[in-house]
Number of protein chains: 2
Amino acid sequence: MSEPRTQDLSEPPADAPKPARGGKSSPTIYDIAKLAGVNPSTVSRALSKPGRVSAKTQKLIEDAAAQLEYRVNPFARALPTGRTNTLALIVADITNPTFFGIIRGAEATATARDYTMMLAESAESPDTELTAARRMLATVDGIILASPRMEDTRILELAREKPVVVINRQVEGVPSVVPDVNKGIGEAVRNLAANGHRKIAYVAGPPQSWMTARRWEGVKAACEWSHLECVQLPSTKPTVDGGRQVARDVVASGATAVMTYNDLLAIGLMQELQAAGMQVPDQISIVGFDDIFGADFTTPALTTIRSPMTDCGTEAATLLLDLLHGGGEAVPALQVETELVLRGSSGRLLAS
Amino acid sequence: MSEPRTQDLSEPPADAPKPARGGKSSPTIYDIAKLAGVNPSTVSRALSKPGRVSAKTQKLIEDAAAQLEYRVNPFARALPTGRTNTLALIVADITNPTFFGIIRGAEATATARDYTMMLAESAESPDTELTAARRMLATVDGIILASPRMEDTRILELAREKPVVVINRQVEGVPSVVPDVNKGIGEAVRNLAANGHRKIAYVAGPPQSWMTARRWEGVKAACEWSHLECVQLPSTKPTVDGGRQVARDVVASGATAVMTYNDLLAIGLMQELQAAGMQVPDQISIVGFDDIFGADFTTPALTTIRSPMTDCGTEAATLLLDLLHGGGEAVPALQVETELVLRGSSGRLLAS
DNA sequence: CTTCCTTTGTCAACCGGTTGCCAAAAATTG
DNA sequence: CAATTTTTGGCAACCGGTTGACAAAGGAAG
């Protein structure tokens with residue numbers, strides 16, 4: 001009785017006729033109660049409601065729990081309470097480096113506060129996204145949507161069932177974390193103006209991306225302020241390949257500097273322009289967006305406007321967790337700062 | 001009674017005094033049973049045990065379920081059965097592109113077979129890894145460990161509780177999926193030999209990585225076969241930065257071609273060598289490993305040995321799901337093929 | 001030493017499915 | 001048409017926690 005440890009390792013297969021579970025079935029609060037000589041409900045309180053039981057009983061129960069290597073059964077807990085200590089994060093594209101920081105930031109925050117994070121991706125499809133969200137809805141306490149592609153209405157539907165925080169988008173009535181693009185864009189445009197550029201092209205992202213509109217607005221405003229001409233060019237898709245395809249339009253536009261919706265577009269664009277014999281940045285300057293992993297692999301390394309994605313992930317998770325614990329009620333819209341990361345792909349325009 | 005739909009939408013908030021749940025509480029099998037005029041257990045059978053109830057009753061129940069927009073409560077199901085329809089994937093580093101393919105492949109497979117995937121990362125720490133694994137153990141049906149850093153013993157402990165599949169490593173008695181490096185390495189070494197190289201350096205990865213040893217063995221064997229000299233160089237860490245740091249040793253080694261444990265090392269190495277004024281590939285050829293995202297961003301683009309990581313993820317998930325459904329018992333060790341991806345960073349050695 | 005107020009532990013119901021056992025109903029067979 | 005086998009549906013116990021209501025025990029105040 002006092003030393004059941006080594007025996008336990010061999011007994012269960014013998015005395016439990018149908019273990020059913022993968023291995024040996026784990027101890028329950030009933031086992032602890034028996035060992036500590038108290039009622040199961042007291043055990044439950046000792047382990048989840050701090051201060052509800054006397055210090056003496058508390059210790060008794062904790063020791064028993066430790067001895068049995070007890071771990072709560074999350075399902076048994078979730079069933080009556082609905083609490084799962086799990087968060088869902090849905091990103092538009094797992095392979096898009098933009099999201100790495102978000103994933104990491106959110107994961108770290110969740111783990112630090114004793115939550116587990118479930119990750120799903122929508123592969124850029126609004127339908128897949130909604131399906132994934134619906135599927136996870138039942139098993140998590142809250143959801144973070146990073147750059148969601150679904151309609152506002154759908155997001156609001158989800159938000160009615162469980163707390164939702166969106167990143168890179170703003171939806172009326174839903175808490176959000178969004179990079180404030182203006183600072184970074186302002187720095188970039190001023191820099192380009194100072195380097196002699198007079199016309200800037202902005203290569204847009206997918207129309208359903210909320211962020212591409214914000215960035216274009218930012219570019220337009222900054223250009224007006226600096227008395228620069230600017231023009232928006234559509235892209236087929238926000239990838240390296242999409243960047244290659246838009247190169248022809250960029251040249252045709254007559255702009256000497258390009259800002260793109262994201263770094264992937266910028267990298268593809270640069271590859272294509274260089275392949276066509278153009279010098280970057282001597283003939284054309286390129287500025288990307290996001291400062292993704294790999295942005296400095298290129299030659300020249302990519303100048304880009306960094307959005308602190310890790311912070312976005314951290315902030316979003318914090319926001320969500322605070323909401324779950326009855327914190328801030330005010331449907332906040334957090335902003336994080338962007339900044340220009342000056343590398344080799346932008347610079348002084350040389351007369352050609 | 002026959003048209004409770006529109007009423008139901010407004011009633012619950014009214015007649016349920018304590019919704020407790022985030023929104024309105026969802027319908028249960030009891031609601032379905034009432035609506036269909038059968039016993040709850042019959043509903044349960046109709047929805048999970050195909051063929052156990054008559055076609056007529058089945059339809060009755062399915063219609064009622066559809067009408068109520070019923071969705072099973074995963075916790076209620078998991079509690080008695082232990083089944084969760086959830087898989088855990090633990091990777092060493094979320095930001096390391098090597099794992100993107102694994103994540104995506106595993107996620108897609110899981111989703112296709114109606115499982116949800118939970119993702120965790122260990123940040124390269126054996127302890128964090130074990131903690132994460134233990135935490136998820138209770139809530140998932142099985143675990144995929146991608147490039148695990150923990151000891152064999154620990155992996156075996158986990159495997160005793162729930163089915164485990166490892167990627168990029170082999171552990172006695174645990175099913176695994178591992179790229180067969182020899183084909184790709186053979187192609188690479190033959191190509192280097194044909195281009196006039198006589199001495200090859202291999203930049204190793206972290207000592208606790210099972211894979212770095214396999215790759216070195218492969219390089220050594222292929223070099224012997226092609227009568228090339230080869231030497232192994234340690235690195236501080238398997239990142240771009242680690243690659244930069246090892247550049248000096250590479251030059252000192254006198255090798256004219258370098259193969260690295262992974263692409264990140266190769267990219268860092270190339271950056272540093274180019275910064276020091278060396279021509280790639282004219283003076284030194286560089287071959288990476290994995291063909292990660294961004295491997296073609298560099299100038300010249302990186303020659304590398306591609307491991308089909310997406311396949312690894314797919315295979316691992318398939319293996320695990322088959323195990324869970326009582327499939328293959330034989331503790332398989334799957335191999336996936338590697339291949340040389342010839343780009344610009346390797347080529348003919350020019351006399352200097 | 002009462003009386004009253006806290007603190008602490010127990011009882012029992014409940015969360016929402018699953019499943020073994022049994023009996024009623026239906027189908028098959030003689 | 002009765003006897004037997006197979007289907008099919010119902011009953012009730014159970015999974016492992018949580019929690020409201022309540023009573024016993026302990027402490028403070030008078």
Side-chain angles (χ1 to χ4, degrees), chain A residues 16-62 64-65 68-85 137-139 141, chain B residues 16-22 24-62 64-65 68-85 138-139 141:
Chain A
K18 283 172 187 177
R21 286 283 175 341
K24 53 179 180 289
S25 71
S26 33
T28 71
I29 56 168
Y30 296 90
D31 299 323
I32 299 180
K34 211 177 296 170
L35 185 58
V38 298
N39 190 284
S41 57
T42 305
V43 176
S44 173
R45 291 205 174 88
L47 297 176
S48 48
K49 295 257 175 11
R52 180 60 174 74
V53 303
S54 67
K56 199 172 55 201
T57 319
Q58 180 83 28
K59 172 132 180 41
L60 203 62
I61 290 172
E62 275 171 3
L68 294 172
E69 293 187 344
Y70 170 81
R71 261 165 292 167
V72 300
N73 179 324
F75 309 117
R77 169 171 290 175
L79 189 47
T81 62
R83 277 183 285 118
T84 65
N85 272 52
L137 200 58
T139 61
D141 292 344
Chain B
K18 283 174 187 175
R21 287 277 173 347
K24 53 180 178 292
S25 70
S26 34
T28 71
I29 56 168
Y30 296 90
D31 299 324
I32 298 179
K34 211 177 296 169
L35 186 58
V38 297
N39 190 283
S41 59
T42 306
V43 176
S44 172
R45 291 199 179 92
L47 297 176
S48 48
K49 295 256 178 2
R52 180 60 175 74
V53 303
S54 68
K56 200 173 54 200
T57 319
Q58 180 83 30
K59 171 128 179 46
L60 201 62
I61 290 172
E62 276 171 2
L68 294 172
E69 294 188 345
Y70 170 81
R71 263 165 290 168
V72 299
N73 179 325
F75 309 115
R77 170 170 289 174
L79 188 48
T81 62
R83 278 183 286 119
T84 66
N85 272 48
T139 61
D141 293 344

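Just so we're clear, the structure is a prediction, and the values are computed from it rather than from any experiment. Below, chains carry the letters A, B, ... as their sequence lines are ordered, and counting in each starts from 1. Any value given below was found using the heavy atoms of this structure, including those in side chains, with hydrogens, waters and symmetry copies removed.
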* Structure fact -> Rounded to the nearest 0.5 Å, the CG atom of Asp141(B) sits from the OG1 atom of Thr81(B) at a distance of 8.0 Å
* Nearest-Å distance for atom pair CG/P, residues Asn73(B) and dC14(C) -> 17 Å
* To do: Rounded off to whole Å, could you give me the CG-to-P distance for the Leu79(A) and dC15(C) pair?
  => 9 Å
* To do: Verify the contact: side-chain N or O of Lys49(B) to OP1 or OP2 of dT19(C), cut-off strictly under 4.0 Å; return yes or no.
  => yes
Shorter than 3.5 Å, N or O on both sides, protein versus nucleotides 10-12 of chain C: list them out with atom names.
| unit_1 | atom_1 | unit_2 | atom_2 | d |
| --- | --- | --- | --- | --- |
| dT10(C) | OP2 | Asn39(A) | N | 2.7 |
| dT10(C) | OP2 | Thr42(A) | OG1 | 2.8 |
| dT10(C) | O4 | Arg45(A) | NH1 | 2.7 |
| dT10(C) | O4 | Arg45(A) | NH2 | 3.3 |
| dC11(C) | OP2 | Asn39(A) | ND2 | 2.8 |
| dC11(C) | N4 | Ser41(A) | OG | 3.2 |

* **Among dG16(D), dG17(C), dT19(D), the nucleotide that comes nearest once only the side chain of Thr81(A) is considered** => dT19(D)
* To do: Select from Arg83(A) and Ala76(A) the residue whose nearest nucleotide in DNA chain D is closer to the 5' end of that strand.
  => Ala76(A)
* Structure fact -> d(Thr28(B) OG1, Leu68(B) CG) to nearest 0.5 Å is 9.0 Å
* To do: Return the value, rounded to whole Å, for the distance between atom CD of Gln58(B) and atom C1' of dT7(D).
  => 14 Å
* To the nearest Å, give me how far apart CG (Asn85(B)) and C1' (dG17(C)) are. => 14 Å
* Nearest-Å distance for atom pair CG/P, residues Leu47(B) and dT8(D) -> 16 Å
* Out of dG9(D), dG17(C), dT19(D), which nucleotide sits closest to the side chain of Val53(B)? -> dG9(D)
* Asked: Between atom OG1 of Thr42(B) and atom CD of Gln58(B), what is the distance when rounded to the nearest 0.5 Å?
  -> 11.0 Å
* Asked: Atom CD1 of Ile29(A) to atom C1' of dT18(D): distance rounded to whole Å?
  -> 8 Å
* Could you please spell out the steps behind the side-chain contact (heavy atoms from CB on, under 4.5 Å) verdict for Leu47(B) and Tyr70(B)? => CA-CA 11 Å; Leu47(B) 297 176; Tyr70(B) 170 81; 3.7 Å; yes
* Could you go step by step and tell me if Thr84(B) and Thr139(A) meet the side-chain contact (heavy atoms from CB on, under 4.5 Å) rule? -> CA-CA 10 Å; Thr84(B) 66; Thr139(A) 61; over 6 Å; no
* **Arg77(A) side-chain proximity, nearest of dG17(D), dC15(D), dG17(C)** => dG17(D)
* Structure fact -> In whole angstroms, the gap separating P of dG10(D) from NZ of Lys34(B) amounts to 15 Å
* **Listed partners of Lys49(B) passing salt bridge (charged side-chain N to carboxylate O under 4.0 Å, His left out), at least two apart** => none
* Asked: Reckon Ser44(B) touches a base, only the sugar-phosphate, or nothing at all at heavy-atom distances under 4.0 Å?
  -> base
* Asked: Distance check: side-chain N/O of Ser54(B) vs OP1/OP2 of dG9(D), anything under 4.0 Å?
  -> yes
* No-H, no-angle donor-acceptor pair, Tyr30(B) side chain to dG17(C) base, under 3.5 Å -> yes
* Asked: Could you give the OH-to-P distance, from Tyr70(B) to dG16(C), as a whole number of Å?
  -> 10 Å
* **Ile29(B) vs Val72(B) side-chain heavy atoms within contact, under 4.5 Å** => no
